[in-house]
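Naming convention: chains lettered A, B, ... in sequence-line order (proteins, then strands); numbering from 1 in each chain. Just so you know, these numbers use all the heavy atoms, side chains as well, and skip hydrogens, waters and symmetry mates.
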2 protein chains.
Amino acid sequence: MAGSLRDIRLFVAAYEERSFTAAAQREHATQSGVSQHIRKLEHGLGVNLFSRDKGQVAPTPAGDSYYQRCIDVLRAHATATNTVKPFAGGLDGQIVIGLMPTMTRCLLAPVLSAYAGAHPNTVVRIVEGYSAPLTQQVRSGELDFAIVPAFAGLPGLKSRLFLRTPEVLVSALDADVAHMVPVSLGAVRSLKLVLPSKVNTRRQSIETYCGSNGVEIARVIEMDAMMGTLDFVARSDWRTILPGIMMAVDDPRLKVNPLCDPPLLLDLVLIEPSRRPMSKAAETILAMLEAEAVRLNARWDAPPPASARLTQPPRPPSKPRAKTGHRS
Amino acid sequence: MAGSLRDIRLFVAAYEERSFTAAAQREHATQSGVSQHIRKLEHGLGVNLFSRDKGQVAPTPAGDSYYQRCIDVLRAHATATNTVKPFAGGLDGQIVIGLMPTMTRCLLAPVLSAYAGAHPNTVVRIVEGYSAPLTQQVRSGELDFAIVPAFAGLPGLKSRLFLRTPEVLVSALDADVAHMVPVSLGAVRSLKLVLPSKVNTRRQSIETYCGSNGVEIARVIEMDAMMGTLDFVARSDWRTILPGIMMAVDDPRLKVNPLCDPPLLLDLVLIEPSRRPMSKAAETILAMLEAEAVRLNARWDAPPPASARLTQPPRPPSKPRAKTGHRS
DNA sequence: TGAGCCGCATCGCATTTCTTGATGACGACA
DNA sequence: TGTCGTCATCAAGAAATGCGATGCGGCTCA
């Protein structure tokens with residue numbers, strides 16, 4: 001096929017300058033080179049592009065037509081080159097992360113947009129799921145890493161503590177507790193709880209906690225749907241117990257109360273395949289996830305200051321308000 | 001600047017095949033070559049186009065974007081290449097031809113369209129003018145050749161007979177002569193003639209002819225405008241004398257009669273600069289001009305056959321007719 | 001788990017292509 | 001007529017391209 005980009009550039013220069021010599025200067029080449037390139041082009045196309053009469057080069061009709069199209073080629077090429085510029089400078093590759101719904105509610109969005117902005121050349125894929133399938137997928141290498149509740153280590157997995165977050169009681173707005181004030185579960189009468197099913201690691205901890213601390217559960221509904229659980233709690237007098245990191249951002253429909261006497265803590269661990277080191281990109285987004293998690297989780301570190309209630313009393317009387325920032 | 005066309009082709013192949021090896025086969029290259037080209041491309045752009053994890057190549061977001069634009073580049077290039085295909089095979093260059101209005105009326109159009117069709121890569125320029133300036137321009141090399149009335153040769157000009165054509169009397173439709181029938185000028189009473197000015201070579205011949213053959217010219221108007229002359233003759237009882245080759249195609253507004261007793265002949269000569277040979281393209285179009293001239297001029301070779309009047313009696317009564325083909 | 005396979009990266013070398021400077025032909029200008 | 005400017009051509013060196021061989025990592029199958 002006729003015509004490298006260099007040929008075309010030199011031809012365009014010669015066409016515009018109406019002179020091989022001038023074209024050579026413009027393109028930092030020699031007159032000889034221009035002449036040869038154009039001859040090659042003409043030979044390849046089977047058409048003369050210039051008529052070289054009288055010591056002047058004048059484009060032939062073919063040259064005129066070809067020039068128009070060559071402009072298109074060069075513009076397309078420049079466009080192509082520019083297109084990738086925004087991707088330069090950052091990390092690249094493909095990251096597949098497994099997260100539980102717990103993590104995706106508050107943590108994911110800010111981290112994802114920050115990472116995608118800084119490293120646009122990375123393909124980030126989030127797989128939402130519960131601990132068992134996520135663990136399996138990390139083992140098989142489908143996931144670069146996942147964050148799951150702590151569990152006894154498995155062969156092929158490398159794990160470490162990612163975050164320790166308190167479990168919190170979540171109720172509808174009309175519950176008779178103040179938002180963010182620590183509560184003792186044992187003090188709640190006729191406790192109706194929406195809990196994850198028994199396959200969920202946390203269900204075990206919660207039941208153990210209740211048993212050890214004399215908490216009496218009046219009724220239980222099993223639900224493994226996070227969005228559904230929140231919605232149901234918001235519209236009923238049922239409550240649920242969720243990891244604090246998940247409720248780090250207030251939901252205007254819900255009240256949240258850390259458990260006390262004693263607190264119930266959830267350990268989330270990072271798991272990755274032990275056979276290979278994490279990619280730079282995965283390490284980077286993990287660090288960002290961790291930093292954001294710590295930042296959000298700080299809400300639960302201290303007993304709620306007096307300002308907590310003031311900052312975000314979800315609808316103190318009962319009139320609806322415009323939604324404002326819910327950060328602590 | 002990053003990216004030769006070969007780079008881009010190999011990248012596109014690799015992108016589409018999702019495999020360097022397959023791309024290499026498709027582009028008749030080796031896997032090694034593909035790998036190197038793409039590395040060069042990535043280095044030049046400063047961006048990774050593929051992530052090479054797990055023995056598979058997967059395009060990065062930058063690769064996706066770049067691919068879209070590369071398609072444009074390749075299509076533009078193919079378009080450019082195709083654009084010049086119709087120009088291939090014929091002659092090229094630039095031809096500048098000087099012709100008198102005499103020649104441009106009937107002769108030029110068919111030759112020009114035939115030549116332009118067969119040799120689209122030639123720039124043909126027609127300069128219309130009278131013999132003196134044309135001759136001058138041939139001498140200076142502005143014109144490749146010109147066709148002018150015969151004259152005494154000039155230094156720097158090479159000339160030869162191009163065509164011998166009879167002069168013909170041209171009258172309006174209501175003149176009392178039959179179209180195409182030879183007439184003797186001496187037999188025309190009160191002859192009112194539109195003639196070219198004295199700078200025109202033909203004026204001399206016509207006056208000599210009239211003097212030698214006892215033709216009495218009642219009145220003369222000088223006009224060097226061919227189109228104007230024809231229009232004026234068509235709308236008046238004035239007549240004119242024109243070269244037969246010019247009237248080889250009938251004008252429905254006019255009657256034409258070759259001069260007889262004796263005929264008046266006009267010799268047209270081809271002139272070209274003597275210092276350099278004519279270009280191939282000029283020779284070609286000249287040959288076509290000559291062939292067409294001979295063909296058209298054949299109308300005057302024989303006395304008008306009986307069919308002549310039948311073939312084209314310009315408006316026998318006086319009702320206007322739809323314009324039809326006027327060839328003899 | 002280990003052998004074999006497949007895919008990409010890298011290396012050194014052969015080849016092609018590109019580039020250059022010198023030279024020649026042609027026309028323009030004075 | 002000689003000088004200048006332009007393009008074409010040539011030969012030689014420089015640069016790139018392309019290729020086969022080899023290495024590395026992951027996958028698959030026994």
Output a table of nitrogen or oxygen pairs between the protein and nucleotides 3-5 of chain C separated by less than 3.5 Å.
none

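- Residue A/R18 places none of its side-chain N or O atoms closer than 4.0 Å to OP1 or OP2 of D/dT6.
- Taking A/Y66 as the reference, A/F11 meet the ring pair (Phe, Tyr, Trp, His ring centres under 6.0 Å) condition, with sequence neighbours excluded.
- Every residue meeting the ring pair (Phe, Tyr, Trp, His ring centres under 6.0 Å) condition with A/F20, not counting sequence neighbours, appears here in chain and number order: A/F50.
- Every side-chain hydrogen bond (donor to acceptor under 3.5 Å, both in side chains) that B/R164 has, sequence neighbours left out, goes to B/D267.
- Protein atom CD of B/Q25 is 12 Å distant from nucleotide atom P of C/dC6, rounded to whole Å.
- Within the structure, no pair that satisfies the side chain to side chain donor-acceptor pair (under 3.5 Å) test touches residues 94-103 of chain A, not counting sequence neighbours.
- Counting to the nearest Å, the P atom of D/dT17 and the CG atom of B/L41 are 11 Å from each other.
- For the atom pair CD (B/Q136) and OG (B/S131), the distance works out to 12.0 Å, reported to the nearest 0.5 Å.
- At whole-Å resolution of the value, CD in B/E142 and P in C/dG27 are 16 Å apart.
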Restricting to nitrogen or oxygen on both sides, can you table the protein-nucleotides 2-4 of chain D pairs closer than 3.5 Å?
none

Which pairs would a plain distance check flag for residues 141-148 of chain A, meaning a side-chain donor or acceptor within less than 3.5 Å of a matching protein atom at least two apart in sequence or in another chain?
residue: A/E142; atom: OE2; partner: A/S140; partner atom: OG; Å: 3.2
residue: A/D144; atom: OD2; partner: A/V96; partner atom: N; Å: 2.7

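- Put simply, A/T21 has a side-chain N or O that comes within less than 4.0 Å of OP1 or OP2 on D/dC7.
- What separates CD of A/E17 from P of D/dT6 is a distance of 12 Å, to the nearest Å.
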I'd like a list of close polar pairs between nucleotides 18-21 of chain C and the protein, N/O only, cut-off under 3.5 Å.
residue: C/dT19; atom: OP1; partner: A/R6; partner atom: NE; Å: 2.8
residue: C/dT19; atom: OP2; partner: A/H37; partner atom: NE2; Å: 2.5
residue: C/dT20; atom: OP2; partner: A/T30; partner atom: N; Å: 3.1
residue: C/dT20; atom: OP2; partner: A/T30; partner atom: OG1; Å: 3.4
residue: C/dT20; atom: O4; partner: A/Q36; partner atom: NE2; Å: 3.0
residue: C/dG21; atom: O6; partner: A/S32; partner atom: OG; Å: 2.7

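- Residue pairs that meet the ring-ring contact (aromatic ring centres under 6.0 Å, His included) test with at least one member in residues 117-143 of chain B, sequence neighbours left out, are B/Y115-B/H119.
- The CG atom of B/D144 sits 13 Å away from the P atom of C/dG27 (whole-angstrom rounding).
- Contact annotation: A/R52 reaches the phosphate of D/dA8 (side-chain N/O to OP1 or OP2, under 4.0 Å).
- In terms of the salt bridge (Lys or Arg N to Asp or Glu O under 4.0 Å) criterion, residue partners of A/K40 (sequence neighbours excluded) are, by chain and number, A/D7.
- What separates CD of B/E42 from C1' of C/dA9 is a distance of 12 Å, to the nearest Å.
- With a 6.0 Å radius and a threshold of 12 heavy atoms from other residues, nucleotides or ligands, B/R18 has its CZ atom above the threshold.
- Atom pair B/I38:CD1 and C/dG7:P shows a separation of 15 Å (rounding to whole Å applied).
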Side-chain polar contacts of residues 149-158 of chain A - donor-acceptor pairs under 3.5 angstrom, sequence neighbours left out - could you list them?
none

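- By the side-chain hydrogen bond (donor to acceptor under 3.5 Å, both in side chains) test, B/T104 is found to be paired with B/E128, residues two or more places apart in sequence or in another chain being considered.
- Distance B/L5 CG to D/dT17 P: 12 Å, rounded to the nearest Å.
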